[in-house]
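Following: one structure in structure tokens, then a few remarks.
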Amino acid sequence: MNLATDDIIQVIKKQIENYNLDLEVQETGTVLEVGDGIARVYGLQKVMTGELLLFPNKVYGLALNLEEDNVGCVLLGDETLIREGDLVKRTKRVIEVPVGESLIGRVVNALGQPIDGKGPIIVNEYRPIEADAPGILMREPVRVPLQTGIKAIDSMIPIGRGQRELIIGDRQTGKTAIAIDTILNQNNTGVICIYVCIGQKTSTLAQIVKTLESKGAMLYTIVVAATANEMASLQYIAPFAGCAIGEHFMYQGKDVLIIYDDLSKHAVAYRTMSLLLRRPPGREAFPGDVFYLHSRLLERAAKLNAEHGGGSLTAIPIVETQAGDVSAYIPTNIISITDGQIILSSELFFAGNRPAVNVGLSVSRVGGNAQIKAMKQVSGRLRLDLAQFRELESFAQFGAELDKSTQDRLNRGFKIVEILKQDQYQPMSIYEQIVLVYAVTNGYLDDIPVNEIKRFEKEYLRFMQIEGQAFYKALEKKRFLDQELTEELSRLLSSFRERFSVTT
């Protein structure tokens, strides 16, 4: 009896000695009020701004307003699952999104979760949606072209890898069409494309995804979607999530193109959240930090130097204007952040000039640095001829008598306008653009009627595919027009002109 008691005592002593007290201390708070996608929480003394908070029923919230007696959170899930008095836990981490190759070809929401019905995405790596932009010493000048396949842009408003080029214009003027054409043109270039849909209709998004799939572009594209029926909080984080996904590839030394469509709706979503959080409104009721919102997003676009992998992230934000007013608050903010803007004009669009790029107002601050030398050689004359034409066109409308020199300039201007027209989803290789621009700026189209220009373009490009193969190969190798190539191109053009007959 005593022996058994001693054994029991020894066992208990050993258990007491080996007992390890692991206490997990959790800081919790209480929901004070909830509504309109906003929750106010009491008791979280050490919460960080931007921290994820866990509400009941696995609903997450984002801590944005740190006030003296409560924390203002925007909810990232269904607010009907939360009640006043519910317990709220800190997660001690910020929002992260899954990143990696497995996202390519998929449509995901702002949290990186698949919404395309193609099953789960297997990922091993996550990145915070907010990150510091690369520093000055990590960057190098933008020199490598990012071809859009659009004649009016590649010739006169070139975009380089690592640049931020704004597309701005009224609704229904072809802003998204330019962005989608640019994605289609990245086929076989090694550029990974990310299309971020912010506040668009679900039907519009479905149409875009269908187009990308039918053209084979989803093989190198990721779509991040926060449509109009999503909560303002998800529309707010969508572009940052897309940027984080793109940065993963950039830091691996790859080239990435990201489209933000559009940042006007992003700003409206942020204004909605801010006003519900009772932040003081400023100009046009936007909060005072709306400039910082977009600058910290767009500054993350960069061309990294060789020491840091040499990757790039090219950002093309889209902004919608009201009645062409580029002096409104959000357009002026983003114009001042970006490296140039492509301005689309409703007048040109409705006149049939599509893409409706206003070449006079559009600018690329990287300029010729982001063009191959051959395009730079032929396009300098193009912009000058087009600018002179726009001036003379308005003058000629008054019915004044014009001398022959002025008439010739007007005549060539009409041909340039016609040659720059381009159908949607028909991007063109840079070398085809060069031979076309050379033809129009060197007078080979001066005696062809405007209504025959499209036929000329089609037949000329078909002729060059057959007869000009050697020329294209040499141009691709040299990337500039030396005397030998210029003479060869002139010979090919003259040969084609002899065959081309104008229909009467």
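All figures in this text were calculated on a predicted structure; none of them were measured in a lab. Atom set for the values below is all heavy atoms of this structure, side chains included, hydrogens, waters and symmetry mates excluded.
Not counting sequence neighbours, E84 has no partner by the side chain to side chain contact (heavy atoms under 4.5 Å, CB included) test. Listed by chain and residue number, E101, I192, F249, Q252 satisfy the side chain to side chain contact (heavy atoms under 4.5 Å, CB included) test with K254 (two or more places apart in sequence, or in another chain). Qualifying side chain to side chain contact (heavy atoms under 4.5 Å, CB included) partners for R143, counting only residues two or more places apart in sequence or in other chains: P141. Partners of P56 by side chain to side chain contact (heavy atoms under 4.5 Å, CB included), not counting sequence neighbours, listed by chain and number: D86.
A distance-only check finds a donor-acceptor pair linking the side chain of R365 to the backbone of T338 [under 3.5 Å]. Using modelled atom types, no side-chain atom of N57 and backbone atom of V59 make a donor-acceptor pair closer than 3.5 Å. Listed for the E79 side chain is no donor-acceptor partner under 3.5 Å among the backbone atoms of I38. In this structure, the side chain of R139 engages the main chain of P134 through a donor-acceptor pair within 3.5 Å. A donor-acceptor pair is defined here as one N or O able to donate and one able to accept, closer than 3.5 Å; no such pair exists between the side chain of K201 and the backbone of T227. Side-chain atoms of S102 come within 3.5 Å of backbone N or O of I122 as a donor-acceptor pair. A donor-acceptor distance shorter than 3.5 angstrom exists from the side chain of T321 to the backbone of D170, with no hydrogens or angles considered. Judged by distance alone, the side chain of Y220 and the main-chain N or O of I183 form a donor-acceptor pair under 3.5 Å. Side chain of S362 to main chain of I343: a donor-acceptor pair is present (N/O by atom type, distance under 3.5 Å, no hydrogens or angles). Here the side chain of D181 pairs no donor or acceptor atom with the backbone of L184 at under 3.5 angstrom.
Here the closest heavy-atom approach between residue Q424 and residue A177 is recorded as NE2-CB, 3.5 Å. The shortest heavy-atom contact between A315 and A301 is CB-CB, 3.9 Å. Counting all heavy atoms, side chain and backbone alike, R90 lies closest to L44 at CG-CD2, 3.9 Å. When all heavy atoms of P98 and L103 are compared, the pair lying nearest together is O-CD2, 3.5 Å. Across all non-hydrogen atoms, the minimal contact from V41 to C73 is CG2-SG, 4.1 Å. The two residues L219 and I104 make their nearest non-hydrogen contact at O-CG2, 3.2 Å.
Residues V74 and Y236 form no side-chain contact, since every pair of their non-hydrogen atoms from C-beta on lies 4.5 Å or further apart. You'll find the side chain of I121 reaches within 4.5 Å of the side chain of P114, heavy atoms only. Here the side chains of E51 and T91 are in contact, with some heavy-atom distance below 4.5 Å. In this structure, V97 and V224 have side chains that are not in contact, with every pair of non-hydrogen atoms separated by 4.5 Å or more. Using a 4.5 Å heavy-atom cutoff, the side chains of I168 and I334 are not in contact. Side chains of D255 and V144 form no contact here, defined as non-hydrogen atoms less than 4.5 Å apart. Side-chain contact check for L205 versus Q200: every heavy-atom pair is 4.5 Å or farther apart. Using a 4.5 Å heavy-atom threshold, the side chains of E165 and I157 count as touching.
To the nearest 0.5 angstrom, H308 atom NE2 is 4.5 Å from M138 atom CE. Separation of atoms CD1 (I167) and CG (D261) is listed at 8.5 Å; rounding is to 0.5 Å. The CD1 atom of I222 sits 12.5 Å away from atom CG of L212, with the distance rounded to the nearest 0.5 Å. Interatomic distance, CG of L234 versus CG of L111, reported as 5.5 Å (0.5 Å rounding). With rounding to the nearest 0.5 Å, the separation of CG in L146 from CD in Q186 is 4.5 Å. Interatomic distance, CG of L166 versus OH of Y260, reported as 13.0 Å (0.5 Å rounding).
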* To do: Let me see the working for I330 and L263 under side-chain contact (heavy atoms from CB on, under 4.5 Å), right down to the final yes or no.
  => CA-CA 8 Å; I330 300 303; L263 291 190; 5.5 Å; no
* **Pair V94-I129, side-chain contact (heavy atoms from CB on, under 4.5 Å): steps then yes or no** => CA-CA 8 Å; V94 295; I129 64 166; over 6 Å; no
* To do: Show the numbers, then the answer: is there a side-chain contact (heavy atoms from CB on, under 4.5 Å) between V88 and V71?
  => CA-CA 11 Å; V88 184; V71 176; over 6 Å; no
* Before giving the answer on side-chain contact (heavy atoms from CB on, under 4.5 Å), spell out for R127 and Y251 the whole-Å C-alpha distance, their side-chain angles and the decisive distance to 0.1 Å. => CA-CA 12 Å; R127 280 185 73 89; Y251 286 115; 3.9 Å; yes
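More than 12 non-hydrogen atoms from other residues, nucleotides or ligands lie less than 6.0 angstrom from CZ of R390. For Y292, the OH atom counts as loosely surrounded, since its 6.0 Å shell holds 12 or fewer non-hydrogen atoms of other residues, nucleotides or ligands. For D69, the CG atom sits in a packed shell: over 12 heavy atoms of surrounding residues, nucleotides or ligands are nearer than 6.0 Å. The environment of CD in E67 is crowded: more than 12 heavy-atom neighbours from other residues, nucleotides or ligands sit within 6.0 Å. The number of heavy atoms from other shown groups lying within 6.0 Å of NZ (K421) is above 12. Atom NZ of K118 has more than 12 neighbouring heavy atoms from other residues, nucleotides or ligands inside a 6.0 Å radius.
Checked by atom type, the side-chain pair Q163/S364 shows a donor-acceptor distance below 3.5 Å.
In summary, K265 and E320 engage in a salt bridge, as defined by a charged side-chain N under 4.0 Å from a carboxylate O. The existence of a salt bridge linking E247 and R300 is confirmed by a sub-4.0 Å separation between a basic side-chain nitrogen and an acidic carboxylate oxygen. The pair D116-R106 counts as a salt bridge, with a side-chain nitrogen and a carboxylate oxygen less than 4.0 angstrom apart.
Identified under the side chain to side chain donor-acceptor pair (under 3.5 Å) test for residues 269-285, with sequence neighbours left out: E33-R278, N65-R279, Y270-R279, Y270-D289. Note on residues 144-156: pairs passing side chain to side chain donor-acceptor pair (under 3.5 Å), not counting sequence neighbours, are T148-D154, K151-E457, D154-Q433.
Among L420, V437, V357, V363, the single residue meeting the side chain to side chain contact (heavy atoms under 4.5 Å, CB included) criterion with M156 is L420. The side chain to side chain contact (heavy atoms under 4.5 Å, CB included) test with V191 singles out one residue from T182, L257, V256, N185, and that residue is L257.
Relative ring orientation between H294 and H266 is described as tilted, the plane-to-plane angle lying within the 30° to 60° band.
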